[in-house]
Amino acid sequence: MRLSQSFIPTMRQDPGEAEVVSHRLMLRAGMIRKVAAGIYSYLPLGLRVIRKIESIVRDEMNRAGAQELLLPILSPAELWQETDRWDFYGKELVRLQDRHERDFCLGPTHEEVVTDLFRREVQSYRQLPLTLYQIQTKFRDEIRPRFGLMRGREFIMKDAYSFDQNETDAQRNYQRMYDAYCRIFSRTGLNFRPVEADTGLIGGISSHEFMVLANTGEELIVFDPDSQYAANVERAEVVAPPVKEPGALSPLEKVSTPNAKSVEDLCALLKIEASLVVKTLLYHTGDNEITAVLIRGDHHANEIKIQRFLGLHDLSLASPELVEKVTAAPVGFVGPVGLSNVRILADNAVSALANFIVGGNETDVHLINVNQPRDFAIDDWGDFRQAQAGDPSPKSGAPLQTARGIEVGHVFMLGTKYSEKMGATYLDSEGQKHHAIMGCYGIGIGRTAAAAIEQNHDEKGICWPMPIAPFQVQILPVTSSEAVRLASEQLYEELNQQQIEVLLDDRNERGGVKFNDADIIGTPFHIIIGDKGLANQALEIKDRKTGEKVLLPPNQVADWIRKAVTQQLHMES
Ligand code: 9G3
């Protein structure tokens, strides 16, 4: 393609509103433009990247035996009412009416639609296993869309849905999709990691997220450097500490702790470590019912784990009014000793503590040398805290490390959650009716492109991995002499002949402008053609990622480029 005839509106300055580098660089490279909050146009350069990611996804989905179809954007409300999801989701689900005033939503995902298709068309076990997928625009009305394509409201997703006869077949299909995802993200050249994830609202029985490791990732994961174990901290299990025989128990004592409402204030005042403090978190768990959860002072509560333990749909900290009403203890000085009519849960880490410190259930008072069960009873123990760096890996015992990740894919075992609610059944070989066992599998296409930039950029712009680069090579004629023009045109022709995707910067611009734009756009190889290089029969080829330069006679450039591009195309991350 010729730059002089291309719609690639690069920007010199940093756009103010972009908060993460991928958003900033997608705007500066002329890949996307915002239409409204969280809603973007994909300009020609951006669409080339999107299409390349889609074709890698399509290739691996087909190889895994999935069949592509295309479901509608509009979903009839009736289907969502069958699964009780029409009322479950709030404003994130965009609802609208057609001219006959019938209710629809803009599809945020397509479990209902695809299960409806299945129940109408599949009757026999002979038609299983069946995996269907689409690559299509979704709409989720995020309350705070940000970071460009990373968290948009309208976005392109590949979503696949599998239907099997039984758990064994479903597990095999899940594994096949999991492996296909590993191949997809390797082929895009991304440094990624599958992590065990919480099944969250969708309520399946297991799920994995595919994380691209990047500091701007919104997800926090822990991983074991010595094994494949990795988990989203929302889900990561924490190994209970070894039970320690408590030493001598010191006598319980009240201490005055004026204004020491937080663990930090308390530690500063009493000159103690946070690991010797036990926080008492009070949750609203029912009508005028409060549950206390005890967490060691240097740990963080994991509300998803607490919620799951209590079998609650959601969980919220008790309001100060409710705390005063139920416990007569002032918020900030609540403790378990003498706490009446409150169920007390404790994280396993508390069991290894002796002579610890808790709120005194009195303003400006704490208790020291507290021990359980001497001073108070614990109703239930459990894993209620967030995993953190240094915790022993549940797999190898090695200290866990943390990393931030961008979730680009998510695979779920769904079981019969949707097939039961929608009567999606098949007849087995004896004519017995069974609910299909389902799985669902998503990849954020735009988010994958954004993650690739987060992982592959420098201060000058994007450094595309070859497999998803919008163009493979950029030719930069840096003077306007006839000799340079001729040489550039000839090389452009040669590369096109060899099926290399080449961008010729034939604009009437200074060399500096062309260098800046080539660095922002991020094509993997830049070929600089100037009068001196021609005279010396030595054209410069620059590798955008490494900065390495090679000098070659003009008649050897096309061959060198073809080899280098082919070699980088098949790199696996
Ligand atoms: C909604 C809205 C937002 C949602 C959902 C439904 C997330 C919803 C979970 C999934 C699960 C999988 C198939 C592809 C992979 C992910 N946000 N989820 O179900 F109505 Cl507004 O989408 N679906």
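Bear in mind that the values here come from a model prediction, so they are computed numbers and not experimental data. Indexing begins at 1, ligand by ligand and atom by atom, following the structure's order.
For ligand 1 and Leu93, the ligand atoms under 4.0 Å from any heavy atom of the residue are 20 (F), 21 (Cl). Atom numbering of ligand 1 starts at 1 in the shown order; those under 4.0 Å from a heavy atom of Asp159 are 14 (C). The Gly442 neighbourhood of ligand 1 comprises atoms 14 (C), 15 (C), with distances under 4.0 Å to a heavy atom of that residue.
Inspection of the Thr137 and Glu154 side chains reveals no N or O donor paired with an N or O acceptor under 3.5 Å. In summary, the side chains of Asp226 and Ser393 do not present any donor paired with an acceptor at a separation below 3.5 Å, with no hydrogens or angles considered. For the residue pair His208 / Tyr174, a side-chain donor-acceptor distance below 3.5 Å is found, with atom types taken as modelled.
For the residues Lys158, Met157, Arg140, Arg85, the heavy atom positioned nearest atom 22 (O) of ligand 1 is part of Arg140. When the heavy-atom distances from atom 12 (C) of ligand 1 to Glu111, His410, Gln134 are ranked, the shortest goes to Glu111.
In terms of N/O distances under 3.5 Å, ligand 1 is approached by Thr109.
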Side-chain atoms of residues 398-406: list all donor-acceptor pairs with protein atoms under 3.5 Å, sequence neighbours left out, distances to 0.1 Å.
unit_1	atom_1	unit_2	atom_2	d
Arg404	NE	Gly217	O	2.9
Arg404	NH2	Glu218	O	3.4

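Taking a 4.0 Å cut-off on heavy atoms, Trp80 registers as neighbouring ligand 1.
Identified under the ring-ring contact (aromatic ring centres under 6.0 Å, His included) test for residues 146-166, with sequence neighbours left out: Phe118-Phe163.
By the 4.0 Å N-to-carboxylate-O rule, Glu82 lies close enough to Arg119 to be salt-bridged with it.
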